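To find a chain, count down the sequence lines: A is the first, B the second, and so on, and within it residues start at 1. Not measured: the values here are computed from a predicted model.
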Amino acid sequence: MTVPADLDRRFRDAAVQAQLLDAGYDIVESPIGPLLVAATDRGLLRVSFDGGGDPDAALEHIARVAGPRVLRAPRAVDTARAELDEYFTGRRRAFDLAVDLRGQPGFAVSVLAELAMVPYGHTQTYGELATRVGNPKAARAVGMVMNRNPLPIVLPCHRIVGASGSLVGYGGGLERKEQLLRLEGAML
Amino acid sequence: MDAVVTIPPFEVFYADHAGEVLSLLRRRVGRDRADDAFQETFLRALRAYDRLEHGEHLRAWVLTIATRVAIDTHRRAGDPIDELPELPDTDGRPAYEELAFLTDALPPKERAAVVLRYGYDLDYEQIAAALDSSPDAARQATSSGVRRLRRRIA
């Protein structure tokens, strides 16, 4: 038997209302494809580009970090959805979202904290970011942190480029990186 | 060594069992009251979910919760709960299968009596014939089985 959509939605809303979830997530449509967005009571936990496919692997990962009570619950990501919509329509240049970096190693947390300060529409090199966390030789390690960034777009790893100005790489594919930089007017 | 069965993300568990839970509740409490009972069942499951030690028997677990919620629904409404209401089966699954997860642990004679009475809807004469005993003994086995189940569920 299929559960009617309104009943299904009622339960998901009630679960958020009762604060019973370790993490709530939803699929958020965007110009660079559907995003899987997850949040906990501490803040935004995950933005992932596999919003279009089978979410099982992403859900397992979220459950390992936050706990097993992971449910698709649109209300849990209402704020994040609104800010992402504003960003993609050019009405927002900085995110006001709390972030939940549980499960991230200490080095990654300090790199991501610096990354968050790279302004809209600007780029920096991996080496510059490494220097700012106090370790100029760690460009490669910084690259790894960018590659595993749990909150792409919101923590703007698309603004980090190679020393020659080439885009180098992006967890979501170079095409998306270029699209984001164009949106921000960083590429002409 | 057996692999540890880890608890799946709640979304996966919910997607696997929501339909069956709703269909059980519609039979037990009727269509009008099934929606509230459905929500209550999965909220109760959520409250207990992070305390589960493994991911085995999740279907039996959630059907047990649904059964308790159905009993509470009748209790709140002041319905007599000695006889569980027999509502039409909507998904073609035999009703006695629903009882299996509850009755599996009963002593064999009580289990047979309960399943024949409530699963197959036989009267005590027929149960006595099936179990090769008397109608009184069949009635007794059925009610002591139901009492045992009620103690377990309460």
Problem - Under 4.5 Å from a heavy atom of chain A, the part of Phe42(B) involved - result: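 Both the backbone and the side chain of Phe42(B) come within 4.5 Å of chain A.
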Practice task
Below 4.5 Å from any heavy atom of chain B, which atoms of Arg12(A) appear? Answer side chain, backbone, both or neither.
Solution key: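 Contact with chain B is through the side chain of Arg12(A) alone.
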Practice task
Select one option (side chain, backbone, both, neither) describing which atoms of Leu21(A) are under 4.5 Å from chain B's heavy atoms.
Solution key: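 Interface part for Leu21(A): side chain.
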Problem - Flag for Gln140(B)-Tyr124(B): side-chain donor and acceptor within less than 3.5 Å - result: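 Absent: no donor and acceptor within the cut-off.
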Exercise for the section: Using only heavy-atom distances, determine whether the side chains of Asp8(A) and Tyr14(B) contain a donor-acceptor pair under 3.5 Å. Expected result: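 The criterion, which ignores hydrogens and geometry beyond distance, is satisfied for Tyr14(B) and Asp8(A).
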Problem - Largest heavy-atom contact set with chain A, pairs under 4.5 Å, which of Leu52(B), Leu22(B), Asp50(B) - result: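 Most heavy-atom pairs within the cutoff with chain A belong to Asp50(B).
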Handout entry: More than 12 heavy atoms from other groups under 6.0 Å of CD on Gln17(A)
Key =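 No, not enclosed.
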Exercise for the section: Give a yes or no answer on whether the side chain of His74(B) reaches the backbone of Arg28(B) with a donor-acceptor pair at less than 3.5 Å. Expected result: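 The answer is yes, because a donor-acceptor pair under 3.5 Å joins these two groups.
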